[in-house]
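Below: the structure, in structure tokens.
Hydrogens, waters and symmetry mates are skipped; everything else that's a heavy atom, side chains included, is used. Chain naming here is simple, since letters A, B, ... match the order of the sequence lines and numbering starts at 1 in each.
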Amino acid sequence: MAAVTQRKTEPVVTEFAARVYAATRRIPRGYVSTYKLVAAAIGCRSSRAVGQALRRNPFAPEVPCHRVIASNLGLGGFSGHISGAALIRKRALLRQEGVIFRNGRLADERQMYRF
DNA sequence: TCACTATATCAGC
DNA sequence: GCTGATATAGTGA
């Protein structure tokens with residue numbers, strides 16, 4: 001049946017945002033990537049635009065936005081906040097996946113996933 | 001068009 | 001190492 005199997009009213013996102021989410025979902029568990037790498041992966045030179053798309057993240061938690069950090073190995077932001085409890089939660093989430101953060105920075109650069 | 005933004009990079013100190 | 005300024009790209013009003 002189902003002439004209209006409306007599955008959840010997919011949020012309307014732009015083509016650019018869809019690429020950002022697709023690239024982010026490619027990041028395997030236990031690895032992290034940076035805004036710049038994601039931007040480069042989708043053919044964009046502005047990491048800022050990536051951050052804007054991830055901030056909206058209508059596909060959370062399907063899209064592991066917490067696996068995207070800043071290029072300086074910092075946590076960057078999370079849940080609309082660039083610091084505070086949100087960052088602590090982001091660090092905890094990554095730690096559960098095997099990504100260790102030291103002093104608010106990625107301990108092992110080897111865990112940075114390259115597209 | 002204007003303002004805002006989960007960034008990145010450079011210059012100066 | 002930190003701060004301020006600038007570059008760059010996309011979104012929403």
All N/O donor-acceptor pairs, side-chain side in residues 39-58 of chain A, below 3.5 Å, sequence neighbours left out:
from: A:N57; atom 1: OD1; to: A:F59; atom 2: N; distance (Å): 3.3
from: A:N57; atom 1: OD1; to: A:A60; atom 2: N; distance (Å): 3.2
from: A:N57; atom 1: ND2; to: A:V63; atom 2: O; distance (Å): 3.3

CD1-OG1 distance between A:I27 and A:T34, expressed to the nearest 0.5 angstrom: 9.0 Å
Point-to-point distance, once rounded to the nearest 0.5 Å, from CZ of A:F115 to CZ of A:R26: 6.0 Å
Main-chain N/O of A:A70 paired to A:K36 side chain as donor or acceptor, under 3.5 Å: no
Atom pair CZ (A:R67) and CD (A:E97), whose distance is rounded to the nearest 0.5 Å: 4.0 Å
Pair pattern of DNA chain B in dot-bracket, where unpaired bases get dots and | marks partners in another strand, Watson-Crick or G-U under 3.5 angstrom: |||||.|||||||
Over 12 non-hydrogen atoms of neighbours within 6.0 angstrom of OH in A:Y31: no
Protein proximity profile, nucleotides 3-13 of chain B - base contact B, sugar-phosphate-only contact S, no contact -, cut-off 4.0 Å on heavy atoms: -BBBBSS----
CG-CE distance between A:L37 and A:M112, expressed to the nearest 0.5 angstrom: 6.5 Å
Atom-pair distance (CZ on A:R19; P on C:dT11), nearest Å: 10 Å
Stepwise side-chain contact (heavy atoms from CB on, under 4.5 Å) test for A:V99 and A:L106: CA-CA 8 Å; A:V99 184; A:L106 183 67; 3.4 Å; yes
Spacing between A:E15 atom CD and C:dA9 atom P, to the nearest angstrom: 17 Å
